[in-house]
Every structure is written in C-alpha cells, then in structure tokens.
Amino acid sequence: MTRSKKPTTRTKTTDTKSNHKRPGRPAGAEDLSGLPVAKNEDYTADIVGIGHEGEGVGRVNGYTLFVPGALPGEKVRVKVVKVKKQYGYAKLLEVLEASPDRIDAPCPIYKQCGGCQLQHLSYEAQMRWKRQLVIDNLTRIGKLQVVGEREEGIIVHPTLGMSDPWRYRNKAQVPIGLAETEEGGLVGGFYAQGSHRIIDMEACLIQHENNDAVVGAVKKIARELGIRPYSEETGRGLLRHVIARYGFNTGEIMVVLVTNGRDLPHADELTGLIRRDVPGVTSIVQNINTRETNVIFGDETRTLWGSDVIYDTIGDIRFAISARSFYQVNPVQTEVLYGKALEYAALTGRETVIDAYCGIGTISLFLAQKADQVYGVEIVPEAIEDARANARLNGIRNASFEAGPAEVVIPAWRGKGIAPDVIVVDPPRKGCDPALLETILAMRPERVVYVSCNPSTLARDLRVLEDGGFRTVQVQPVDMFPHTVHVESVAVLVRGEAGEA
Ligand code: SAH
C-alpha cells in the first residue's frame, strides 16, 4: 500500500549545467530526427488516458505526449517542452474541449505542491478511473478475464470511496527551512514541485485540521524562540521536520520535532508552549537526524514530554503508535479495507492464518478475533516489536509474530508443519517475492487474500497464483488516498478443485 508521501526521490541537480551546449550529439544520445512533433512548437492533442503521475496522456499524429493537467476525453492546445524517441512532455496551454469530469481544484496551492494529482477530476470520476485502472492491469498484465456480475470471470467492484474525501490524513510530515526572502525566517510546508525549495503552508485539504493547527502552532513557537531552521544547503540550523500525528478515534496528538543535533535549547520552554498552544497534545518527541539526507528520521528518538506513543483504534483493536511506527494514514478507509480483507478471508474461528508483510500487526490482530491462530511476518524488527506489544495491549493470545523476509520465514514455517487455511499478503509496491508465491502454491491454503497498493504487481502476482491452481474471485478497489493517483485494492483467490493445475 502506498505509504506516506516523501520527497525522497527528488535529487539535487547542481551538476547539470556542465552538460549544456555540447557540440553535436553526445555518444549514446537518441536520434530525434523525423519525430512528428518538435520541441517548443504548439500542437492540438487528444487526451486518451491518465499517466502514473496523474498527467494526461495525449496523442499527436500517433506520438505520445504527457500533458500535466489535461484529462481523458479532452482536446487541448499544448506546447512541447521535451521530446524523446518514444514519447515527450508538453505544457497545457488551453483546454479546447473540456471533459465533463473536469472541476476546479479546491486547493489554492494544488499546482505548486504536487502532493495531490487528481483534484481537477471530480471525485466520482476518480473512483471510476481507479476501478478501470485495476481492470486494465488485470487484463493487460495479468491476462485475466474480468466480467460483469453474472458471467464467468473476476468481478471488480466499484471503488469504495469516502463520503467526505477531504481532511482524511492522520499524519503530517512537514519540512522546515529558511525562507528565500531577504529577512530569511522559518518556513514549513512542502517542496515546490521538482525542487528543494520549501513553500510555507498553512492548510492542506487532505490533512486533518488538527494536524494543520499543530504544525502552525509549532512553527509559530519556533519562530518566537528563535529556533533556527535547518538548511539543506549548508547543513546548519536545528529544526528539520515537524511531524503531527492524530488518533482519529482517541483524539490523542503527538508532536515530533526532527532536529539536526541532540542539543535542543529552550527544551522546557518549547514543550511548555506546545502544551499551551496545542490542546490535547499527549506526546512530544524529539528525533535526531544529523545526516545529509532526504530521509526524514534519524536513529535516535527521545520523549521530551508525555507519553512515548499515542493510541488509536481500528474496529475493536487498539494500537500504540510511536514516532516512527508505520500506521495507515487514512484511518476511516483502513477500517473499510480491513473489513473487506476479513470478509474475503471468510473465517469461522477454526482457521490458521498467515499474514505476510504484517507491519505492526494491524491486519493480523483484526483477523485474530475470528481465527484460531494467526502468524504474522514482517521484515522490520521494530514493527514486529510493535505488533507483539499491540497483541498484548488487546489481550490477543492467538497471534504470534516473527521478524524476517516473508519469503524466508514462511518456508521455514512450512518446514515446521504450519499449514494455513488462509494466507493474507499486503506487500509493498513491488509486490510479492517470487519465492513467497511459490511457497503459497506449495502450502495450498483454501484462500489467499491479496491487499495491494499497486495494481500492476497485483496483476502479475495473480497470474502466478492462477497458473498454480488458484482462481481469483473478486477484487475490491478501496480509495485510501483520495485526490492522489494511488490505487489500493483487495483481491480474494480460492484454490481450484484441481489443486495445482
Ligand atoms: N499490513 C500492514 C503493513 C503493510 S506495508 C498494514 O496494513 O499496516 C508492507 C510491509 O511489508 C511494510 O511494513 C514493509 O516493511 C514490509 N516488507 C517489505 N518487504 C518485506 C519482506 N520481504 N518480507 C516481509 N515484510 C516485508
């Protein structure tokens, strides 16, 4: 599943200038002669799809142009900004024929920010597009048959969206920096698209209001106390990130200050002011990150005031969330997603269940209430510690956890005679390891429930399971990240009568 948005992929481009104005074509560069479009020229493009980043995919004389801001079905006027052999990029100049699904993006900083990609598409159309993307991947990559309700084949249900698809995030991770004005000063917000320039932000429409308020209060206090913002350029300054986490169902609030160094001047005054200005705060934590990196957290975390964790609930299960714990960012839809996973697992109370890629045990503990025994495996040891603590917290005794790669741990379980009736997988974007899929086929569970944040690897892996004798019955897309291109879905497979084909 898609985990939070991090600016980790943006790299500095300080060395590109030296490559300019080389005479002739450098060795290995593409031959771009004879293309149907030319750089800096205007064209009319027909938009036929939505690309990975939410951009319109257009055609001009059979050539593909990616056009940010354009929507399928539209005819647009564009200026070509970059050409490659197979495709190019263009800037939207004018929408000549607008899609009926086009709306004005409600967020005033939508274009600069890049955190959301689909705000200019109506929510209803986003839901339709997400379902269609799942179907397209299943048919094209998985070579699977997708059908309507009563025919043979896989049912892909309409996307389960949110009744109010705004203000859904429970975690804000805000980079802090120095304003690029003469006065300087501390700003905190988001990186302007494609750069490392931090733009100050007061409100994010997909963020819970509390998180906006917390970040705003911390920035104000830091300014008052003269806490220096970190500068990526010089590696100097103290405050790097402010993270706000909010327990939707408990109201508990955690503030994390990521600092470039252990020494935090005015620490008592700082926590006192945060407690004064952030009603409901239960945990104030410092994380120390002195490395020159885009990675937000450093290795050392210490609690400045209050509890080390905040609590939240999903269904009947209570979770302890520490500063660095992975926890689903959309708690409302998480409950919908896990509810589907539970329904698809069809548990009666007698089953042995394996939860591969279990994180802090969220799905495992959800399933344990309805199963005989649950085994969870996850590669991050701290997450496994959290999973065990969460099991204890809820008095759940029929769930056990092991740290390690699923593709190594599960074969070892098989060696010990553990025979699951149901296997649940919830892998990262790259999908399941082939060795894990092989083990699933060898273990021959009755059912496999596949929770996926990437329809293309879902489709690839379903093909392998189908070839091994499983049949995909239904797939439910669930909108975990409204207004973004991320598509989450859960699929259920049953073992065919023939066992392995
Ligand atoms: N099911 C959990 C977490 C899913 S995120 C939830 O819903 O909250 C995917 C998880 O897979 C991450 O926690 C990641 O650390 C873990 N992971 C990645 N590669 C893995 C591997 N090879 N074996 C086991 N876990 C892995």
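Side chains are part of it too, since the values below use all heavy atoms of this structure and drop only hydrogens, waters and symmetry mates.
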Q: Can you sort out the partners of Y450 under ring pair (Phe, Tyr, Trp, His ring centres under 6.0 Å), two or more places apart, ordered by chain and number?
A: none

Keeping to residues at least two apart or across chains, list the salt bridge (Lys or Arg N to Asp or Glu O under 4.0 Å) pairs with something in [range].
{"range": "residues 205-220", "result": "R167-E209, R167-D212, D200-K219, K220-E224"}
{"range": "residues 383-394", "result": "none"}
{"range": "residues 316-326", "result": "none"}

[Y] backbone acceptor or donor facing [X] side chain under 3.5 Å:
{"X": "S307", "Y": "I310", "value": "no"}
{"X": "N289", "Y": "T259", "value": "no"}
{"X": "Y123", "Y": "S163", "value": "no"}
{"X": "E53", "Y": "G51", "value": "no"}

Q) Any side-chain heavy atom of I321 sitting closer than 4.5 Å to one from M254? A) no

Can you list the residues that meet the salt bridge (charged side-chain N to carboxylate O under 4.0 Å, His left out) rule with [X], with sequence neighbours excluded?
{"X": "E300", "result": "R262"}
{"X": "E343", "result": "K340"}
{"X": "R463", "result": "D467"}
{"X": "E382", "result": "none"}

**Q.** Short side-chain donor-acceptor distance under 3.5 Å, Y327 and N170
**A.** no

Q.
So, using side-chain hydrogen bond (donor to acceptor under 3.5 Å, both in side chains) as the criterion, who are the partners of N249 when residues are at least two apart?
A. T313

Pair up each side-chain donor or acceptor in residues 402-421 with any protein partner under 3.5 Å, not counting sequence neighbours, and list the distances.
residue : atom : partner : partner atom : Å
E402    : OE1  : W413    : NE1          : 3.0
D421    : OD2  : T352    : N            : 2.7

Q) How far does CD1 of I363 sit from CD1 of I317, to the nearest 0.5 angstrom? A) 12.5 Å

Q: Enter the distance from F470:CZ to L462:CG here, rounded to the nearest 0.5 Å.
A: 11.5 Å

Q: Using the six-membered ring of Y230, assess whether NZ or CZ of R240 lies under 6.0 Å from its centre and within 45 degrees of the ring axis.
A: yes

Q) Would you call the rings of F248 and H208 parallel, tilted or perpendicular, where under 30° means parallel and over 60° means perpendicular? A) perpendicular

Q: Classify the ring geometry between Y191 and H196 as parallel (under 30°), tilted (30 to 60°) or perpendicular (over 60°).
A: tilted

For residues 368-378, dump all side-chain donor-acceptor pairs below 3.5 Å to protein atoms at least two apart in sequence or in another chain.
residue : atom : partner : partner atom : Å
Q373    : NE2  : N398    : O            : 3.2
E378    : OE1  : G359    : N            : 2.9
E378    : OE2  : V380    : N            : 2.9

Q.
List the residues meeting side-chain contact (heavy atoms from CB on, under 4.5 Å) with M201, not counting sequence neighbours, and say none if there are none.
A. I109, F190, C204

